[in-house]
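As structure tokens, the structure follows; a few thoughts come after it.
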Amino acid sequence: MAQKSGIIIDNTTDIPIREVKLYTNRRSVAETDWKGEFHIDGEFTSVTIVHPNYLSRTMNLYDMTDTIRLIPKYHTMDEVVIYGNAPKPFNPKPMLEEFKSYPKPSGHDFLSIFYKHRGLTKKEKKKHDEIINSY
């Protein structure tokens, strides 16, 4: 095997890629033409395929087929940097202070039926018993 020929295409669009450099382990360099075709002269056992817009690929001679696909770099990310401010810890005190400033509702506290006479005045106990009995 003194020479190898083939075509290099885009993996997603199947369009031939031009100006792809092929570097062999014997220090020879080949480049694809405008149709994506390449021809490597001389003996070699591995080749590294390089293009600025595609991921580099190294292949052994016995793995090479007549059509080689390259993956575009826009499908991969080298690094992700996220900028932002850390969330502030929740502090309920301002909300509680604001809630305390609201006027208390007039009338009977209907939730008091669940208190079971704990800490209620006689008037509140009587109201409580009326609510339970009329229900």
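One-based numbering along the sequence shown. As a basis for the values below, the full set of heavy atoms in this structure was taken, side chains included, without hydrogen atoms, waters or symmetry mates.
- Exactly one residue among Thr45, Thr58, Thr48 makes a side chain to side chain donor-acceptor pair (under 3.5 Å) with Asn25. That residue is Thr45.
- When all heavy atoms of Glu79 and Val81 are compared, the closest pair comes out as OE2-CG2, 3.5 Å.
- Counting all heavy atoms, side chain and backbone alike, His51 lies closest to Glu19 at CD2-O, 3.4 Å.
- Looking at heavy atoms from C-beta onward, Arg57 lies in side-chain contact with Ile68 at the 4.5 angstrom threshold.
- Proximity of a side-chain donor or acceptor of Asn133 to a complementary backbone N or O of Asp129 within less than 3.5 Å is detected.
- Between the Thr32 side chain and the Val20 main chain, a donor and an acceptor come within less than 3.5 Å of each other.
- The CZ atom of Phe44 sits 8.5 Å away from the CG atom of Leu22 when rounded to the nearest 0.5 Å.
- Side-chain contact of Ser46 with Asn60: a donor-acceptor pair under 3.5 Å is absent, judged by distance alone.
- Both Met59 and Leu70 are assigned to one and the same hydrophobic cluster, defined by single-linkage of ILVMFWY side chains at heavy-atom distances under 4.5 Å.
- In this structure, Met64 is a member of the same hydrophobic cluster as Ile49, with clusters built from ILVMFWY side-chain heavy atoms closer than 4.5 Å.
- By the 4.5 Å heavy-atom criterion applied to side chains, Arg69 and Asp14 are counted as neighbours.
- Distance check, rounded to the nearest 0.5 Å: NZ of Lys73 to OG of Ser56 gives 6.0 Å.
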- Item | side-chain contact (heavy atoms from CB on, under 4.5 Å) between Val80 and Ile82, worked out | CA-CA 7 Å; Val80 176; Ile82 299 172; 4.1 Å; yes
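- Here salt bridge (Lys or Arg N to Asp or Glu O under 4.0 Å) pairs that include residues 23-34, with residues two or more places apart or in two chains, are Lys21-Glu31.
- Note that CD1 of Ile9 is 10.0 Å distant from OH of Tyr54, once rounded to the nearest 0.5 Å.
- Ile8 contributes atom CD1, which lies 11.5 Å from atom CG of Asp10 (distance to the nearest 0.5 angstrom).
- Expressed to the nearest 0.5 Å, how far CD1 of Ile7 lies from OG1 of Thr67 amounts to 6.5 Å.
- Applying side-chain contact (heavy atoms from CB on, under 4.5 Å) to Thr24 and the options Asp41, Val29, Ile40 leaves one that passes, Ile40.
- One distance of note links NZ of Lys4 with CZ of Phe38; it measures 7.0 Å at 0.5 Å rounding.
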